[in-house]
Amino acid sequence: MGLRTERDWRGYDEVAETYERVHATRTAEVAADLVELARPPEGGRVLDVGAGTGSSTEAGQKAVGAQGVVVGVDPSLGMLGVAARVRPDLRFAAAEAIDLPFKDAGFDAVIANFVLSHFTKYETALYDMLRVLKPGGRLAASSWSEREDEFQRTWRELVEGVTTHELLQDAHDRAMPWEERFRDPARLEETLRGAGLHPVTVQRREYRFRLSRDDYVAGRETTASGRFLHDMLGDEEFRSFGERARRLFAERFPDVITDFRDVLLAVGTKPA
């Protein structure tokens, strides 16, 4: 994931405002659990990789307290702009996970909330994340696990009505090339052990998110399939697609949606 300064549907610059409004509270709930697993010391130093608009950075700062230092890094300037506006007291930097601008062994904990699947070369990203982690420090990572519900099936039905399954799958693979790998708890554990962490534990937790029906659709428009479709259709046709999506969701679902999602939470320790 390189630093992006021009429109690229694979990135999040164009959807940062919606991402903060719809997803921030959901990712914050998972982030709080990740930080608890990482157990950074009070007054410690935490790196939040793939910080987005900063909800996980905020969770890290709460854990280490006012004397601690938490830095959130992300390649999306749009996401960081929202993060700086909404959470002005936190520290953010534009950086790639494969080339972190920090010294060796500088952090007590590293957090990676829903980001591992995005890396083109996850091995290289993990190498650098471990490089900046102190011996005895913990890396905690999350990823979505296997579960398709009626809401996701309805969205897929809509998207595949305007493009082919093959094109959609290709786009998804380009945006999140390792999603299938990190949906599997055994492969997630294997990856972290292979990077040099020991011990490693992985657990599956169910989360229940409540959001308005329109916010659910808006959130889907920020996903890889939504961003690809926007790029493919253009602004006007994508707006029309969004209107059709909202009508269909209104026909099938209540005003407030309860979205159950399974999440894998993994934590590993860097050997001393």
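Using cut-offs of 30° and 60° for the angle between ring planes, the Tyr207 and Phe209 rings count as parallel. Using a 30° and 60° split on the angle between ring planes, Phe249 and Phe253 fall in the tilted class, from 30° to 60°.
Using a 4.0 Å cut-off between a side-chain N of Lys or Arg and a carboxylate O of Asp or Glu, Arg213 and Asp255 qualify as a salt bridge. A salt bridge links Asp170 to Arg174: one of the charged nitrogens lies within less than 4.0 Å of a carboxylate oxygen. Taking the charged nitrogens against the carboxylate oxygens, Arg252 and Glu157 do have a contact shorter than 4.0 Å, which makes a salt bridge. The existence of a salt bridge linking Arg183 and Glu180 is confirmed by a sub-4.0 Å separation between a basic side-chain nitrogen and an acidic carboxylate oxygen.
Put simply, the side chain of Gln61 gets close to the backbone of Gly65: a donor and an acceptor are under 3.5 Å apart. Under the 3.5 Å distance criterion, the side-chain polar atoms of Ser56 are left unmatched by any main-chain donor or acceptor of Asn113.
Side chains of Arg181 and Leu188 form no contact here, defined as non-hydrogen atoms less than 4.5 Å apart.
Taking the ring centroids of Phe182 and Tyr122, they lie under the 6.0 Å cut-off. Residues Trp144 and Phe260 place their aromatic rings such that the two centres sit no closer than 6.0 Å.
Shortest non-hydrogen contact noted between Gly136 and Thr269 is O-CG2, 3.7 Å.
Looking only at atom types and distance, the side chain of Thr18 has no donor-acceptor partner in the side chain of Thr222 under 3.5 Å away.
In the displayed structure, Glu36 atom CD is contacted under 6.0 Å by at most 12 heavy atoms of other residues, nucleotides or ligands.
Remark: Arg227 qualifies as a cation-pi partner of Tyr12 under the 6.0 Å distance and 45° angle criteria applied to the six-membered ring.
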